[in-house]
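For reference, the structure is listed below as structure tokens.
Residue numbers count from 1 along this sequence. Read the numbers this way: they start at 1 and go in the same order the structure lists the ligands and their atoms.
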Amino acid sequence: MLTATAGFRHDSIPAARAAVASIAARSNDIVVTATENLADVSAARLASTEVLMFALTTGELAFDETQKRAIVDFVNGGGGFMGFHSATDTLYDWPDYGRIVGAYFKEHPWVQRATVTVEDQAHPTTSGLGANFSLTEEFYTFRVNPRSAVHVLLTLDPASVGAQGDFPLAWTQTIGRGRSYYNALGHFPDTWNDARFQMQIAAAIRWTAGR
Ligand SMILES: [Zn+2]
């Protein structure tokens with residue numbers, strides 16, 4: 001779990017780390033190492049890692065070419081990738097990363113309570129959410145709608161923010177032999193403390209790990 005930032009730093013990072021630590025502590029099958037040290041993302045460390053999570057990362061994180069190759073090889077070779085919220089506001093200058101996370105952040109026009117539509121209620125990560133749920137969040141839009149390249153799980157109900165259009169908020173994709181999951185929620189600490197969000201995180205860890 002990487003929470004390093006090279007741009008905006010979210011106040012929710014401690015809540016994110018606590019939430020994922022809590023998920024691990026309550027499980028029999030998840031061990032998480034949280035770090036802000038980019039050097040921890042290496043081929044050697046990834047060799048004993050099932051899932052690489054970028055949570056609330058921002059900006060052009062200073063990975064060298066060896067580390068970038070290690071991340072791409074990890075995912076292509078069957079490793080899991082997870083991104084949360086500003087993981088799409090990260091590494092714009094590295095297109096391979098953009099493909100792994102699925103999209104790049106464009107803007108956040110809506111910071112308010114809104115309704116999220118559960119587009120795929122059958123996926124393990126959305127199990128139990130029902131047809132929709134509401135929360136207060138900073139809702140993202142993306143430079144390119146990822147829908148044609150990914151499997152969309154959650155979308156913003158545009159009517160709930162007085163807008164029109166297609167606004168995916170969470171998705172999965174397979175990359176090589178690896179699995180990638182992204183969820184745009186997580187701006188506020190309350191989101192990380194929300195049982196519905198923690199349920200998605202725990203399921204996504206297992207899904208991206210191929211369990
Ligand atoms: Zn945010």
Side-chain angles (χ1 to χ4, degrees), residues 1-23 32 34-36 38 52-63 81-94 97-98 100-118 125-126 129 132-147 150 152-158 160-163 165-172 180-202 204-205 208:
M1 178 183 190
L2 182 72
T3 56
T5 55
F8 182 80
R9 191 167 177 86
H10 280 86
D11 292 339
S12 55
I13 286 175
R17 293 173 73 123
V20 176
S22 166
I23 288 165
V32 61
T35 184
E36 301 254 322
L38 297 184
L52 175 62
M53 179 193 299
F54 279 36
L56 302 169
T57 53
T58 54
E60 299 307 312
L61 300 173
F63 292 120
F81 177 86
M82 297 172 68
F84 287 98
H85 195 56
S86 53
T88 49
D89 187 29
T90 301
L91 294 164
Y92 293 91
D93 293 344
W94 182 27
Y97 175 80
I100 290 171
V101 74
Y104 283 118
F105 167 79
K106 182 182 177 189
E107 50 194 4
H108 47 76
W110 309 291
V111 183
Q112 63 178 87
R113 189 167 181 84
T115 301
V116 175
T117 302
V118 182
T125 63
T126 59
L129 290 176
N132 58 70
F133 61 95
S134 295
L135 82 167
T136 300
E137 251 297 328
E138 177 188 73
F139 292 100
Y140 276 10
T141 61
F142 301 95
R143 289 180 175 182
V144 176
N145 185 331
R147 182 176 289 280
V150 303
V152 176
L153 301 170
L154 306 177
T155 51
L156 178 65
D157 175 359
S160 71
V161 294
D166 177 35
F167 304 108
L169 290 177
W171 54 76
T172 61
S180 170
Y181 171 91
Y182 172 75
N183 191 317
L185 307 178
H187 178 79
F188 292 115
D190 281 355
T191 301
W192 292 94
N193 295 331
D194 189 317
R196 298 168 300 183
F197 195 54
Q198 292 192 12
M199 199 170 63
Q200 293 174 74
I201 297 166
I205 290 170
T208 52

| request: Working to the nearest 0.5 Å, report the span between OG1 of Thr117 and CG of Leu156. | output: 7.5 Å
| request: Flag the pair His85 / Phe105 as yes when their ring centroid distance falls below 6.0 Å, and as no otherwise. | output: no
| field | Tally of protein N, O or S atoms, where distance to the Zn ion (ligand 1) is under 2.8 Å | value | 4
| field | Closest non-hydrogen atom pair, Gln198 against Ala19 | value | NE2-CB, 3.8 Å
| remark: Separation between CD (Glu107) and OG1 (Thr141), nearest 0.5 Å, reads 4.5 Å
| note | residues 12-22 vs side-chain hydrogen bond (donor to acceptor under 3.5 Å, both in side chains), sequence neighbours excluded, gives Thr3-Arg17, Arg17-Glu36, Ser22-Arg26
| field | Ring-ring centroid check Tyr97 Phe54, cutoff 6.0 Å | value | yes
